Amino acid sequence: MRGVAGARIWYQSFTDPDADRPYFTRLKEYLGSVSSPGCQVEVFGIQPGARYPGPITDFRCAAQAIANALTAQERGYDAFVIGNFGEAGLAEARSAVRIPVIGLGEATMLHACTLGRKIGLVATTPVHIPYHQDQIARHGLHRRVIAVQAVQADVGQFNRAFDDEREYRSLREAFVSQAEPMLGLGIDVIIPAGYPMLLFTREQSFAIGDATVLNGLPVAVAAAETAIGLTRLNGTGTSRRTAYALPPGEALTEFRSAFTADPPGPDAGPV
């Protein structure tokens, strides 16, 4: 996008740069390849990563993401992306900082609405189904994102699939088997909700039964660049009237005193 030269985007993954190195390494490379010239996307992880799905993990990762959004603002970044499809901590981070905060899930589903009338998600585990259903309702998209299915896989399988062709084919078949039943509901766009987004970047124009399979990673980067560009163009920014009203400085100080950690990322050793 025009107007983003010199911009820096903090991309907050919920993966561990060491334990999830096959994914994390490729994520950095891929995001660098889809960003606009002159715009730098820096990828940071969380240690330990979100390896055990559930509310307690979401809470831990959300707290770290919010703290890192504050750090990103302090370090002069122009936008912050929560690069986890469930985007735990999105509303809190958006209300805590003045820079744009983009959620991978929100941005992807909103863009999917421009590509088709009915949308379905395929999650990485059945445990995530109710969380994604809540997420869809929270964004007011329950009339557009009408189905959520899930494969049954663990993080290790997704990491291995980047190098193991047999593992890749197995996961792809599992994904397709969960997506195909949604076609009967009239689904136009299928979203891989999580790891498979990056895994399927090798598939150009990926579709299942003529339903577009949407990779949300470049969507989230483009959304962050658009937010930066609009801010620079005419000052457009997050509304602070109600939902995303900025907290007083004392509230931020209290939060930082409770949740403080150095985010693993570009300077955390080789990734």
Side-chain angles (χ1 to χ4, degrees), residues 9-17 19-20 23-24 27 31 43-73 77 79-97 99-110 121-142 145 148 150 153-155 158 191-198 216-217 219-221 223-224 227 238 243-244 247 251-252 254-256 258-265:
I9 297 172
W10 180 306
Y11 188 96
Q12 182 63 63
S13 173
F14 283 9
T15 55
D16 186 317
D20 302 310
Y23 175 88
F24 200 84
L27 180 65
L31 294 180
V43 183
F44 295 82
I46 287 178
Q47 291 181 320
R51 300 183 69 83
Y52 304 106
I56 195 70
T57 296
D58 285 347
F59 180 84
R60 173 177 61 81
C61 292
Q64 188 63 66
I66 299 161
N68 288 351
L70 292 167
T71 298
Q73 179 172 257
Y77 285 82
F80 185 87
V81 177
I82 297 184
N84 174 272
F85 196 88
E87 57 200 8
L90 174 62
E92 294 82 0
R94 190 172 281 162
S95 68
V97 297
I99 61 175
V101 176
I102 304 298
L104 175 60
E106 181 185 39
T108 303
M109 289 189 286
L110 288 174
L121 306 183
V122 178
T124 56
T125 169
V127 174
H128 284 159
I129 290 177
Y131 304 126
H132 290 318
Q133 291 171 333
D134 288 345
Q135 177 187 22
I136 291 163
R138 188 166 61 251
H139 291 316
L141 295 173
H142 51 285
V145 187
V148 184
D154 59 40
V155 172
F158 287 111
I191 299 174
Y195 267 81
M197 276 189 183
L198 184 63
L217 297 173
V219 174
V221 171
T238 305
Y244 303 126
L252 294 177
E254 290 171 355
F255 177 84
R256 292 306 295 265
F259 301 99
T260 303
D262 292 327

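In this text, all values refer to a predicted model and were calculated from it rather than measured experimentally.
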Q) What is the distance from atom CZ of R138 to atom NE2 of H132, rounded to the nearest 0.5 Å? A) 11.0 Å
Q) Atom CD1 of I136 and atom NE2 of H142: how far apart are they, to the nearest 0.5 Å? A) 10.5 Å
Q: List the steps, then state whether side chain to side chain contact (heavy atoms under 4.5 Å, CB included) holds for F80 with Q73.
A: CA-CA 8 Å; F80 185 87; Q73 179 172 257; over 6 Å; no
Q.
Return the CZ to OG1 distance between F14 and T57, rounded to the nearest 0.5 Å.
A. 10.5 Å
Q: Please round to the nearest 0.5 Å and tell me the distance separating atom CE of M109 and atom CG of L141.
A: 5.5 Å
Q. Checking side chain to side chain contact (heavy atoms under 4.5 Å, CB included) for the pair V145/H139: CA distance, chi angles, key distance, verdict?
A. CA-CA 10 Å; V145 187; H139 291 316; over 6 Å; no
Q: Please tell me if the side chains of S13 and L27 come closer than 4.5 Å, counting only heavy atoms from C-beta onward.
A: yes
Q.
For the backbone of P48 and the side chain of R60, can you confirm whether one donor and one acceptor N or O come within less than 3.5 Å of each other?
A. yes
Q. CD1 of I66 to CZ of R256: how many Å apart, nearest 0.5 Å?
A. 11.0 Å
(Q) If you compare all heavy atoms of P247 against all heavy atoms of L252, which two are closest, and at what distance to 0.1 Å? (A) CG-CD2, 3.6 Å
(Q) How close do A93 and V101 get, counting heavy atoms only, and between which atoms? (A) O-CG2, 3.9 Å
Q. Which pair of heavy atoms, one from C61 and one from A50, lies closest together, and at what distance?
A. SG-CB, 3.9 Å
Q) Going from CZ on F24 to CZ on F44, what distance comes out if it is rounded to the nearest 0.5 angstrom? A) 8.5 Å
Q.
For G54 versus Y131, what's the shortest heavy-atom pair and its separation?
A. CA-OH, 3.9 Å
Q) Given L217, which of T108, L31, V81 fulfils the side chain to side chain contact (heavy atoms under 4.5 Å, CB included) condition? A) L31
Q: List the steps and the verdict of side chain to side chain contact (heavy atoms under 4.5 Å, CB included) for E87 and F85.
A: CA-CA 5 Å; E87 57 200 8; F85 196 88; over 6 Å; no
(Q) Applying side chain to side chain contact (heavy atoms under 4.5 Å, CB included) to N84 and L104, what does each step give before you reach the verdict? (A) CA-CA 6 Å; N84 174 272; L104 175 60; 5.8 Å; no
Q.
If I compare all heavy atoms of Y244 with all of R94, which pair ends up nearest, and what's the gap?
A. OH-NH1, 3.2 Å
Q. Do any N or O atoms from the side chain of Q12 and from the backbone of G45 form a donor-acceptor pair under 3.5 angstrom?
A. yes
(Q) Are the side chains of E106 and I82 in contact, using a 4.5 Å heavy-atom criterion? (A) no
Q.
With heavy-atom distances below 4.5 Å as the criterion, would you say the side chains of T71 and W10 are in contact?
A. yes
Q. Closest approach of M197 and P192, non-hydrogen atoms and distance?
A. CG-O, 3.1 Å
Q) Ring centres of Y195 and Y23 under 6.0 Å apart? A) yes
